[in-house]
Protein chains: 2
Amino acid sequence: MSPTRRRGDALTTAIFQAVLSELAESSFEELTFDKIASAAGTGKAALYRRWSTPAELVLAALSDPATGFGEPPAPPGTGTLRDDLIALLEQFVRALDEPRGRALLPLIAHRHRHPELFEQVHRLVIRPHQEVLLSVLRQAVDRGEAAPGSLTPRIVSVGPRLILLQAWEGGLVDSCEITSIVDEVLIPLTRP
Amino acid sequence: MSPTRRRGDALTTAIFQAVLSELAESSFEELTFDKIASAAGTGKAALYRRWSTPAELVLAALSDPATGFGEPPAPPGTGTLRDDLIALLEQFVRALDEPRGRALLPLIAHRHRHPELFEQVHRLVIRPHQEVLLSVLRQAVDRGEAAPGSLTPRIVSVGPRLILLQAWEGGLVDSCEITSIVDEVLIPLTRP
DNA sequence: CCATTAGTGAACAAAGTTGTTCCCTATTTG
DNA sequence: CAAATAGGGAACAACTTTGTTCACTAATGG
């Protein structure tokens, strides 16, 4: 019945994908080695050999470049603030449609129950993305496209937050909504 | 040890508060008659006598005027859009600091797992509040304070959404943040 | 003061679920 | 081809936890 017995990275990647999928449709507390093993089509022993807690596994899956957020996002560098913002938010929306993105939602929602885990997720995933957004705004300020006062964490967070809630409510966010957020909210908000 | 044996409404109210508290610090799926009974300091039989499912209990607690959102919110009617918005959002923030408000968060977060329950919560709580916000905007349009194009569900949702995510992340939202949201986002967004 | 209603607390068992390990064998490597 | 490594699957038991009901008694009301 099994096509072949996987080993090494092939198996690890399958396990990571299983972790993120399970996380995406439940929550961290419901994550068990049992479910992960069956979702990955392997036995629990293969998991126990490598990780000892679900938290380790989640962080490993999120850190992996293939399945998670292994490398920080690239700055778009389109030359204008508007296009940079649209590119970043579209990238964000695309990520939220993948398992790695959907896996973030339960972690964010229950952040207060697992502060240490969320802290690492924040460092690993959220902060780098905020940094990119901030650098985009900084360049816009240098070009005179945005007010220097826009460089606050608060303002930086508005775009991702609106996207996040939209994704939470409706599922996928279409690009028309992204441009609407950029043009009606973010650009007015940062105008010099 | 028990001061007195409660009956009728006194007991019902205690049960409702227990339901909302339990919900506030966990989620709907973790809500059991067991936990509710101990939180309310009563036995499970008293619950079984009245309700047969946790969903019924949640809706009853949210519908109750004393513990939940029994009566729709009053329009502020301050005379200006800015003050109306601030009043509404502050009311919202205050509700989110009470059990009835915190109980909404898990219901919203897991809305896809319990569509029928969320649908009723939406009708009972969310829609009436949206209606008030919309009527405030409508009055502002009539006075010429806001653009007629502002009367969209999307724009109406921006304020509550920003508050909601802020509450999710940080706990309580102070009024300085509310005025900042109103002045920097909502007013520019609705300007004629 | 008695009868009725309704709350309390515990009993009771059932059920599902999870952590952990062991054996067998497919794959790899020398 | 043989030895070593590591995956697959299942066994195993234990535990937690819940739903449901029963007998007892405090409160109510005639």
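Computed from a predicted structure; not experimentally measured. Throughout, protein chains are lettered first and strands after them, A, B, ... in sequence-line order, and every chain is numbered starting at 1.
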Checklist entry - Which residue pairs satisfy the salt bridge (charged side-chain N to carboxylate O under 4.0 Å, His left out) criterion with at least one member in residues 57-76 of chain A, sequence neighbours excluded? => result none
Item to check | salt bridge (charged side-chain N to carboxylate O under 4.0 Å, His left out): pairs with one or both residues in residues 31-40 of chain B, sequence neighbours excluded | outcome: D34(B)-K44(B)
Without decimals, in angstroms, what is the distance between [X] [atom1] and [N] [atom2]?
{"X": "L57(A)", "N": "dT18(C)", "atom1": "CG", "atom2": "C1'", "result": "15 Å"}
{"X": "L47(B)", "N": "dG7(C)", "atom1": "CG", "atom2": "P", "result": "10 Å"}
{"X": "I36(B)", "N": "dG7(C)", "atom1": "CD1", "atom2": "C1'", "result": "17 Å"}

Checklist outcome for this item: Looking only at heavy atoms, the pair that brings D97(A) and R102(A) closest together is O-NH1, 2.9 Å
Checklist outcome for this item: Taken in chain and number order and not counting sequence neighbours, the residues that satisfy ring-ring contact (aromatic ring centres under 6.0 Å, His included) with F92(A) are none
Next on the checklist: Under the rule for side-chain contact (heavy atoms from CB on, under 4.5 Å), what residues qualify as partners of I126(A), not counting sequence neighbours?
Outcome noted: F118(A), H122(A), Q130(A)
Checklist outcome for this item: Sorted by chain and number, sequence neighbours left out, side-chain contact (heavy atoms from CB on, under 4.5 Å) with S26(B) holds for R113(A), E30(B)
Might you list the N or O atoms of the protein lying below 3.5 Å from N or O atoms in nucleotides 16-25 of chain D, with each pair's distance?
residue : atom : partner : partner atom : Å
dT18(D) : OP1  : T32(B)  : OG1          : 3.2
dG19(D) : N7   : K44(B)  : NZ           : 3.0
dT20(D) : O4   : K44(B)  : NZ           : 3.0
dT25(D) : O2   : R5(B)   : NH1          : 2.9

Please tabulate, for the side chains in residues 14-21 of chain A, all donor-acceptor contacts under 3.5 angstrom to protein atoms that are two or more places apart in sequence or on a different chain.
residue : atom : partner : partner atom : Å
S21(A)  : OG   : Q17(A)  : O            : 2.9

Checklist entry - Which of residues 7-26 of chain B sit near DNA chain D, with a heavy atom under 4.0 Å from it? => result R7(B)
Next on the checklist: Test: side chain to side chain donor-acceptor pair (under 3.5 Å). Region: residues 84-96 of chain A. Which pairs qualify, not counting sequence neighbours?
Outcome noted: T78(A)-D84(A)
